[in-house]
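One structure is given below, encoded as structure tokens.
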Amino acid sequence: MRDVVEGIVLAFLSLAAIWGAWQVPAASPGDTWAGIVPFAASVALLALSGLLLLGGLRASDTGHDLAEGGDTGTLDILVLFAIALIYQQSFRWFGYVLPTAIVAPVVLYIFGVRNWIGLAVSVIACPLIFHIIFFELLGVFPPYGEVFDLLDWFRG
Amino acid sequence: MEIFPALLSVITDPTLLFAIVLAAAVGMIVGATPGLTASAAIAMLLPITFYMPPLFALAFLYVIGKSGRYGGSVAAILFNTPGTAASAATQIDGYPLARAGKAGKAMKVATISSVIGDFMGDIMLVVGVGFIASIALKLGPPETFAIYFAAFVVIGSVIGKSITKGLISALLGILVAMVGLDPISSEERYTFGSFELSNGIGLVPLMIGVFVLGEVFAQLEERKKAKGEVRENESDPSGHTLTYEEYKPCIPHAIRGGFIGAGIGVLPGLGSAIAAFISYGEGKRRAKNPEQWGKGALEGVAAPEAANNAVSGPSMAPLLTLGIPGSTIGAILLGVFLIHGIQVGPTLFLTDKELVYQLFACGMLGIFAYGIIGYFGATQVARLILKVPVNVLYPLIFLTAFVAAYSARGSMFDVTVMTVAGFVGWLMRKFDFNVAAFVISFVLAKGAEETFRQSLLMSDGGALIFVERPIAAGFLLLGLAAMGFRIRSIMKERRIAEGGLGDA
């Protein structure tokens, strides 16, 4: 069953890729079409998705499609991914320091750290250490928070 | 002969020597930590190397890769958990030796054999790379495209359990690489009107996402499944020392392993895990004591360890001469070359020959460094790893991934790419797709497209040019033959498995 679902998802993906390649304008005389490689790759992807789908259907017909792998931990990963998305977006709104101070203890908690002192220390230590290494020592310009930037506030 | 002045210049540079020793130690620790890979460490450290001189950056990451391969054996022997896929073959005999109180002996055999194999691979690289580069200079676009094609097919079909999923992973890598402006006509492809997408997907955020954030997701999942604690196997005093008489029977296995690893290393995509298992199988077949193999034979540690480390040097040959990375570490190093404005390919030996040989010299000194650290300090490294709290380590890696992705170009879009790539990388691992094939194909796609379209222009649009030129046709056939052999071996494995079930 898993191969069937994977095959269907990939088939839709390849159809979207074929459509995307088709949008590339035709080549000017004496040149090659810029869409030729994306088009060829997406057609090949469609063919392989078909193979995956057929293999999955055949396996489910012959009863070889056994239960594969549990979903243990998937919910935690989805939660962590959601945190990752919010964290990266919040750089744009609040700069680096504030989001890191909030996310560090949350991620530590997800990974099983239950020491409240440790979690509290991470609120200050993580943004401070990363800020010193990357934005002070390496000289990278920190992301600026459009709504509120704690670093700006600290610097007055 | 270029290697000797290069060695001299590296030895006389204390900063570079310090970087090599540091990289050897870091690589060993990373390789020995179950769940952490040298690729992840290199991807994470990649943005930092932007601020270093090119040789310093390349040497640092190259030695981490070498030492990381060796470090995998420490975890395989002591914890029965291979630190890298390549050290899974070492585990077969290494762990029984550790259980018998000979962990120290097994680790010393692994260290000496790794050093022998790695040196053999590097010597072959130094001797052969100039010759390969001189041939590569004579290849035209059709031949180069045929080599790319063979690399795609071999990488997609040979690594991993499923050929279909391997090839799908390679195609996905190609499609992601197509996002942005076409380098020839400047037409937009898959940009959906987004300005940020028109610059394409960056190699660094993609790598950090797939290898670092993806690994954090995978480790979180593993933690939910894992039960019990990892414990180190203690050595008794006699099991810690290794005499020459004990190592003597291992020497032919280490040398054979070195040749097997070096041969496999030149072929893109095959990698050290395959070399290690072939060397183990070949060693067992030729051994005087095959009944001991699998139960704790020192030769069973020497053969795979020499082979998996011998891959490291020769795998640089296709990268440096043709711009085709043979491994994920090679793909990341290609990124470092590009970031520092160095064009990889046959002309590299005309424009930056000195740098290339200095890099080889750093590699050789790196082998020496990890050999010394490993021989005298592997047990201490293992104890250190056991003390690292994993529940703190992975959150820190999670946070580093974001700041590292941002630091690469100071771009928030790169951070978004890294986050999405991390989730996609985890999904690919979960559903048995091939992450290595995806990344390597992403790196290869632009070069392959360029040579393909140049060939079409040369032939006025006719695809027969790839068949009419013998070298090009030869490489196309090589790719197809590799896929054919893989299909045959999978079918054979299936028949054996079905026969085995039938007997049961």
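Protein chains get the first letters and strands the later ones, always in sequence-line order, with residue 1 at the start of each. This is a predicted model, so every value here is computed, not measured.
- Between A/Phe81 and B/Trp426 the shortest side-chain heavy-atom distance does not fall below 4.5 Å.
- Annotation: maximal heavy-atom pairing with chain A below 4.5 Å, among B/Val403, B/Thr164, B/Val415, occurs at B/Val403.
- Distance check, rounded to the nearest 0.5 Å: OG1 of B/Thr416 to CD of A/Gln89 gives 7.0 Å.
- When heavy atoms are compared at a cutoff of 4.5 Å, A/Trp19 approaches chain B solely by way of its side chain, counted from C-beta outward.
- When each of A/Leu45, A/Ile133, A/Leu51 is scored by its heavy-atom pairs under 4.5 Å with chain B, the top score falls to A/Leu45.
- Across every non-hydrogen atom of B/Glu196 and A/Arg92, the tightest pair is OE2-NH1, 4.4 Å.
- Looking only at heavy-atom pairs under 4.5 Å with chain A, the residue among B/Val216, B/Leu175, B/Leu172 that has the most is B/Leu175.
- In this structure, the portion of B/Glu187 lying under 4.5 Å from any heavy atom of chain A is its side chain and not its backbone.
- Options B/Leu399, B/Leu167, B/Thr400 differ in how many heavy-atom pairs under 4.5 Å they form with chain A, and the most are formed by B/Leu399.
- Here the side chains of A/Leu10 and B/Phe433 are in contact, with some heavy-atom distance below 4.5 Å.
- The part of B/Ile174 that comes within reach of chain A is its side chain, from C-beta onward, which places non-hydrogen atoms under 4.5 angstrom from that chain.
- For the atom pair OH of B/Tyr406 and CZ of A/Phe141, the computed distance is 7.5 Å after rounding to the nearest 0.5 Å.
- Atom CZ of residue B/Phe398 and atom CZ of residue A/Phe111 lie 8.5 Å apart, to the nearest 0.5 angstrom.
- In this structure, B/Ser407 OG and A/Phe135 CZ are separated by 5.5 Å, a value rounded to the nearest 0.5 Å.
- Under a 3.5 Å cut-off, the side chain of B/Arg189 and the backbone N or O of A/Ala34 do form a donor-acceptor pair.
- If you take CG on B/Leu220 and CG on A/Leu80, they are separated by 6.0 Å, rounding to the nearest 0.5 Å.
- The local environment of CZ in A/Phe148 is crowded, with over 12 non-hydrogen atoms from other residues, nucleotides or ligands closer than 6.0 Å.
- Here the side chains of A/Thr32 and B/Phe452 are not in contact, with every heavy-atom distance at 4.5 Å or above.
- A/Ser42 contributes atom OG, which lies 9.0 Å from atom CG of B/Leu171 (distance to the nearest 0.5 angstrom).
- Closest approach of A/Ala17 and B/Tyr190 over heavy atoms only: O-OH, 2.6 Å.
- Residue contact with chain B, scored on non-hydrogen atoms closer than 4.5 Å, involves the backbone and the side chain of A/Ala21 alike.
- The choice from A/Gly118, A/Ala16, A/Pro143, A/Gly20 that makes the most heavy-atom pairs within less than 4.5 Å of chain B is A/Pro143.
- Between B/Phe423 and A/Ile77 there is a side-chain heavy-atom pair separated by less than 4.5 Å.
- Using the six-membered ring where Trp is involved, B/Phe402 and A/Phe91 have ring planes that are perpendicular, over 60° apart on the 30 and 60° scheme.
- For the pair A/Asp3 and B/Lys165, the minimum side-chain heavy-atom distance is below 4.5 Å.
- No side-chain heavy atom of A/Gln23 sits less than 4.5 Å from a side-chain heavy atom of B/Thr191.
- The part of B/Asp182 that comes within reach of chain A is its side chain, from C-beta onward, which places non-hydrogen atoms under 4.5 angstrom from that chain.
- With 3.5 Å as the limit, one finds no donor-acceptor pair spanning the side chains of A/Gln88 and B/Thr419.
- Neither the backbone nor the side chain of B/Phe152 comes within contact range of chain A; no heavy atom of the residue lies under 4.5 Å from a heavy atom of that chain.
- The shortest side-chain heavy-atom distance between A/Ile36 and B/Arg453 falls under the 4.5 Å cut-off.
- When all heavy atoms are compared, the tightest approach of B/Ser185 to A/Asp31 is CB-OD2, 4.3 Å.
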